[in-house]
4 protein chains.
Amino acid sequence: MAAINAANTGLVPSYGADELTERLQAAASKLFERPVSIYPVATGTAANALALAQLAPPFGGIYCHEGAHIVTDECGAPELFTGGAKLLGLRSPNGKIGPEAIEAAVDLATDMGVHHVKPAAVSVTQATEVGTVYGLEELQTLTATARRLGLPVHMDGARFANALVHLGCSPAAATWRAGIEVLSFGATKNGALAAEAVVFFDPLRAADFERRRKRAGHLWSKLRYLSCQLLAYLQDDLWLHNARQANAMAARLAQGLGKVAGARLLQPVQANELFVAVPERLIGALEQEGFHFYRWPWLQVPDGAAIRLVASYATTPMDVDDFLQCAARLS
Amino acid sequence: MAAINAANTGLVPSYGADELTERLQAAASKLFERPVSIYPVATGTAANALALAQLAPPFGGIYCHEGAHIVTDECGAPELFTGGAKLLGLRSPNGKIGPEAIEAAVDLATDMGVHHVKPAAVSVTQATEVGTVYGLEELQTLTATARRLGLPVHMDGARFANALVHLGCSPAAATWRAGIEVLSFGATKNGALAAEAVVFFDPLRAADFERRRKRAGHLWSKLRYLSCQLLAYLQDDLWLHNARQANAMAARLAQGLGKVAGARLLQPVQANELFVAVPERLIGALEQEGFHFYRWPWLQVPDGAAIRLVASYATTPMDVDDFLQCAARLS
Amino acid sequence: MAAINAANTGLVPSYGADELTERLQAAASKLFERPVSIYPVATGTAANALALAQLAPPFGGIYCHEGAHIVTDECGAPELFTGGAKLLGLRSPNGKIGPEAIEAAVDLATDMGVHHVKPAAVSVTQATEVGTVYGLEELQTLTATARRLGLPVHMDGARFANALVHLGCSPAAATWRAGIEVLSFGATKNGALAAEAVVFFDPLRAADFERRRKRAGHLWSKLRYLSCQLLAYLQDDLWLHNARQANAMAARLAQGLGKVAGARLLQPVQANELFVAVPERLIGALEQEGFHFYRWPWLQVPDGAAIRLVASYATTPMDVDDFLQCAARLS
Amino acid sequence: MAAINAANTGLVPSYGADELTERLQAAASKLFERPVSIYPVATGTAANALALAQLAPPFGGIYCHEGAHIVTDECGAPELFTGGAKLLGLRSPNGKIGPEAIEAAVDLATDMGVHHVKPAAVSVTQATEVGTVYGLEELQTLTATARRLGLPVHMDGARFANALVHLGCSPAAATWRAGIEVLSFGATKNGALAAEAVVFFDPLRAADFERRRKRAGHLWSKLRYLSCQLLAYLQDDLWLHNARQANAMAARLAQGLGKVAGARLLQPVQANELFVAVPERLIGALEQEGFHFYRWPWLQVPDGAAIRLVASYATTPMDVDDFLQCAARLS
């Protein structure tokens, strides 16, 4: 809440100043320890789909997890912005994709020649859709394979701040030093009103990107209102502060769930999300107490459901404890 | 400036309130005197291209002025969102298109059968790109022809407020009562941070529109930040107040130009824009005084250029008079 | 070979006769026992992708087998012609999809609302990519579920003749009476030079299809050269004669493989294709004898490979027996 | 008619020979006096749209004549295959575009920056849609300007043979030596069943073109049936023989029209098409005699219509003279 107010207050003095976008460019280059090209947009779907359009031709294939946001939650935006490229979903239990799976898929494509889409790019989600985080070595191994196969790697960083806090490394180490070429840098889920950015670590990769953004209706005439949000987000490490709070609350929640009979963590908790198997009876009881859950449709749980719990920068220890006490009591 | 602050202050209390979007829906229906479906987006390009995608199939043709914003200034956004529909530009000196031109073009298309794109829609710009305004009768004649030909009519209302103030009628009279089916309702140019809306006067026309918006990356997770801007914009007729101010300043500017030797109005001034032929020498002299102009590239002026002057809600009589005095002195 | 010559001879007298396309229309309607709309095109990829474009909007999802030709072998043609619709691959060991899998996928989509593509259509392949054939009841159950869910069903009939011969029923029973709305009617794999057709069993479904075809560059100015091929193909049941021969040779091959040590059928042989697990050593030995195989990349076989054997209308018993004797000797 | 038979007979021996496509590649390289990449497709629309997709990005603009086939007669195929690029129609009375018009349009685009599509390519039609032919110098001046502006030049050669016969130069001189990078090489209008080809004079320009063709459904499994048509077309200069005949008959027709009162040539006759202003009364009279005309919808003629007369390789002097005598009598 404080973060939003900070960003919000930031709007007023900025009116009329086009230098804000320039300042953002400088701030991002400093943050990532190299000259980068950063393009603010209003939504994560736009950031992802525009970034992928820059990497893959219409007849290309993009390797990603079968449960990635770009596959399941963007209503075909990547297909729209790439002109019809194919998202080739790879399977794994923990939301991550590995170099072997990519290599096997590319071998298959090579075998099929022009009948198959052309291997074009890889997209990883950090933190993943199930709350796990790629380790730096995992990323490096994966991007090394991708590089050998000629595939640039995009990172969907809708929860990048949460992953970074978990990794405890620099933004540079978590991205281009680990082989990432383009990052969808998320801010909305971590405090901004509506602001994300596409970050190219090699500005040459960004050729004509501005036209792609304009053509998608994502170039604001008053761009400063996006830029100022991102500047406020980065200032004084507000973004990391927010993410640390969210991650800590997720960890507190995970720990406390040990006392809730019948609840079982389905994935290790490494960022700010928990996926928990809960008996149907307990879900019902908690709902009667006024709690709301998103039942994660991708996981089957016998006699119950997988629910997703998300901690944010605004979640307090009291929020967590109240929930845990209630759940423990009802379980 | 005051308008921005009003909209801006509006943000804070709205946080957390999803009812804002609902209130906007009600406010728009009240404004237009019938139940409408209104969808906020952040840019005019998005509003136009998404609206047209709803009206025209990929193999369709959209009749519009050859100098329309959708043709020249959106980097192919309508083509992207419609999946490749064709904008068929019609010519006229005053930025308007007429029923005869549409009918002739449709006749030609019919004659050519499947070899030509299918006549699908008409798009008019109100106020036009050259600052003129369709009269109500003009609009009615045009939409009657379009209806007879089976073509729904879209209105690009980036400057709708300015046109409405000129017409002096109700929003209903200027749109659906005049045969308009979909309106791109502009607010950014008239005071909002970044807020436009697509308004369907027949909610049935809006089927699946939400998926189109989502797929284009234009569905905000925190949609209230768009809705609140539009609510503030409509509240207490702020939008009309702003437009009146802008139009009045444009009129003052037009009147004063009579005293500037060599300057000549190229179009009647009906909204908040002036297109003026100015000798090259005078342009240079004014630029030396610190004034900046957009040279309108579509019009050729011997020994000079066509410049565009835009008055906004923030323009004051003093701004106008200072400019005029300086121009008169230098001319 | 004889079939090609028949079709080929058919070309000469037909020159100049536009009535051929009309005759094809009548012949197809007679064949399918109801008025149908039939549109010849030159390739199966065009037939499939154009048919699907007619059924699914750009923001739609098409349910099909994950190994379907439209998914793996058309280089993104369905995505191109639909404007970016998503092929949602369902899994099964035998190349078929079932009503439960479709229903579960639609439930998931419904749950996700506008974030997910809109369930739009189902596509089945008959015979499937692994040589199996949907039974009539299987089809009916599947299409009944699809109909309940509002999804029209497309059939990729690249090997429709082979499936029909296996089923031993009428073309009508195998298609619209079983709930199919659109058929890609294959002829090229079964004897034509280059001719397929899209058949709509409800002509209303075909609205504007001609523009889609034209716009894809698939409307021939001398269409009669496609139509005549299809007429010759249907005349005197040539197509069924060809398919019977191919299926019989596939069955002969399947039976004979029992005597080849180490060879194992991976799927029941119901049309003209066999998928056989073969030890690597035997593949090498056969290749040295001059036989060529397509190693089916989708199936893993320990210590060997899955090879695909295809019998055609031109395959003779002697061809089959030669191969079998050689394989038995080397095994 | 003889040409068709020649091509037709050519089919039979070619069955089974994949070398035909290879031979075509060699024949085309010999014809154009340099190594070219040639890709057969079945229609001119496919050839044009696929060629343009190779030259222009989805956010690109293609400069061409406003009456070009790609603009008016392909139902949006270029938009489909390029992913939404914009055809920017330039005006001129004789069907040709000139370097000044291109330069002015590019200047405008540059002025508008990312708001406008990116200048990407030029497309010329040879012979043009109104039967005129670019001279070699005209072409060279135009392509020199295009090269300076960074725009590759495509030639729609649906009537290339007719233009070449008029120019009396080599195929190399008429294409790459005059600065053309890609040619749609037409054969269907000049005798083939259904065969055109995309010819890249720099094979590097053809990167991934095969995937574009496959993805558009234009890769034939039995490609030899296209290749053999083109080989027969080129063999013994059959194509030039056909075009010479057609051009001669058009010239005979043009000369004879001098004796038809009221008929007036609207364009110089340089290939095989005539555009003639004819009084309505005479059109009616001729139609009663059984002649059929295509009334050219793009040209207005007072008290009459512009009709298009096309001579083909199959037109005989007697055909021409019969028509002329009848017209002279009725006029």
Side-chain angles (χ1 to χ4, degrees), chain A residues 1 4-5 7-12 14-16 40-51 53 73-84 158 184 186 188-189 191-196 198 208 210-226 228-229 314, chain B residues 1 3-5 7-12 14-16 40-51 53 73-84 158 184 186 188-189 191-196 208 210-226 228-229 314:
Chain A
M1 191 66 177
I4 287 288
N5 278 323
N8 195 20
T9 329
L11 296 183
V12 185
S14 70
Y15 183 74
V41 293
T43 68
T45 293
N48 284 336
L50 286 169
D73 279 74
E74 303 189 345
C75 200
E79 285 86 349
L80 173 61
F81 287 177
T82 60
S184 294
T188 310
K189 286 188 199 300
L193 281 69
E196 313 272 316
V198 182
D208 286 326
E210 293 198 35
R211 272 202 173 83
R212 286 198 192 275
R213 180 174 56 172
K214 167 67 193 177
R215 170 173 195 255
H218 283 288
L219 176 62
W220 286 27
S221 56
K222 303 179 183 175
L223 188 53
R224 58 189 177 279
Y225 289 119
L226 277 180
C228 74
Q229 288 183 52
Chain B
M1 191 66 177
I4 286 289
N5 278 324
N8 195 18
T9 330
L11 296 183
V12 186
S14 69
Y15 184 73
V41 292
T43 69
T45 294
N48 284 336
L50 286 169
D73 279 72
E74 301 190 347
C75 199
E79 286 86 348
L80 173 61
F81 288 176
T82 59
S184 295
T188 310
K189 286 188 200 297
L193 281 69
E196 313 273 316
D208 287 326
E210 293 199 34
R211 271 204 172 80
R212 286 198 191 274
R213 180 174 57 171
K214 166 67 194 178
R215 172 174 192 253
H218 283 288
L219 175 62
W220 286 26
S221 56
K222 303 178 181 175
L223 189 53
R224 58 188 176 280
Y225 289 117
L226 277 179
C228 74
Q229 289 183 53

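The basis for the numbers below is simple: all heavy atoms, side chains too, and nothing from hydrogens, waters or symmetry mates. Each chain gets a letter, A, B and so on, in the order the sequences are listed, and its residues count up from 1.
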*If you measure from CG on A:D73 to NZ on B:K214, what distance do you get to the nearest 0.5 Å?*
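The NZ atom of B:K214 is 6.5 Å from CG of A:D73, to the nearest 0.5 Å.
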
*Donor-acceptor pair, A:T188 side chain versus A:A195 backbone, under 3.5 Å?*
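Between the backbone of A:A195 and the side chain of A:T188 there is a qualifying donor-acceptor contact (under 3.5 Å).
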
*Side chain A:E196, main chain A:A158, donor-acceptor under 3.5 Å*: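 No; judged by distance alone, with no hydrogens or angles, the pair does not exist.
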
*Where does B:L226 contact chain A at under 4.5 Å (heavy atoms): side chain, backbone, both or neither?*
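Neither the backbone nor the side chain of B:L226 comes within 4.5 Å of chain A.
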
*Could you tell me which portion of B:S221 (side chain, backbone, both or neither) has an atom closer than 4.5 angstrom to a non-hydrogen atom of chain A?*
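Side chain only.
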
*Contact winner vs chain A - B:A47, B:A194, B:G44, B:A49, heavy-atom pairs under 4.5 Å*: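 When all of B:A47, B:A194, B:G44, B:A49 are compared, B:A194 has the most.
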
*In terms of heavy-atom pairs under 4.5 Å, which option from A:N48, A:L219, A:T43 contacts chain B the most?*
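Max contact count across the listed options: A:T43.
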
_Most contacts with chain B, counted as non-hydrogen pairs under 4.5 angstrom, among A:V41, A:L50, A:T45_ =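 Top count of heavy-atom pairs under 4.5 Å with chain B: A:T45.
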
*How are the rings of B:H218 and B:F81 set to each other: parallel, tilted or perpendicular (split at 30° and 60°)?*
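B:H218 vs B:F81 ring planes: perpendicular.
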
*Contact check, side chains of A:R213 and B:C75, non-hydrogen atoms, under 4.5 Å*: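 A side-chain contact is absent here, since even the closest heavy-atom pair is not under 4.5 Å.
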
